Asks: 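Before I ask anything, here is the structure I am working with.
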Amino acid sequence: MSEDNYPIANLNADEVNEIKRFEQQLSEKSGHPIALIAYDIDNSDSD
């Protein structure tokens, strides 16, 4: 997996904090640590 295929999303602080809250909720619900990774979606192949 290369960074060219999955570019990391450029998120602002509010978006990062929202992801962190969601990670915490998922971790508590599942009983396992959860980490989400934010990538930009490449829609160029879907046309």
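Computed from a prediction, not measured in an experiment: that's the story for all the values here.
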Asks: Can you tell me if Asn12 has over 12 outside heavy atoms packed within less than 6.0 Å of its CG?
Replies: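 For Asn12, atom CG is crowded (more than 12 foreign heavy atoms under 6.0 Å).
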Asks: What closest approach, in Å, do Tyr39 and Tyr6 show between heavy atoms, and which atom pair accounts for it?
Replies: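 Looking at all heavy atoms of both residues, the closest pair is CD2-O, 3.0 Å.
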Asks: Give the minimum heavy-atom separation between Ile19 and Ala38, together with the two atoms involved.
Replies: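 Result for this residue pair: CD1-CB, 4.2 Å.
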Asks: Are the side chain of Glu23 and the backbone of Leu36 linked by a donor-acceptor contact shorter than 3.5 Å?
Replies: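 Such a contact is found between Glu23 side chain and Leu36 backbone.
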Asks: Roughly how far, to the nearest 0.5 Å, is the CD1 atom of Ile34 from the NZ atom of Lys29?
Replies: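 Output value for this atom pair is 11.0 Å.
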Asks: Closest approach of Leu11 and Val16, non-hydrogen atoms and distance?
Replies: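 Taking Leu11 first and Val16 second, the nearest heavy atoms are CB-CG2, 3.9 Å.
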Asks: Mind checking what makes side chain to side chain donor-acceptor pair (under 3.5 Å) contact with Gln24, not counting sequence neighbours?
Replies: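 Gln24 satisfies side chain to side chain donor-acceptor pair (under 3.5 Å) with Glu28 only.
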Asks: What's the separation between atom CG in Asp14 and atom CD in Glu18, rounded to the nearest 0.5 Å?
Replies: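 Here the interatomic distance stands at 8.5 Å.
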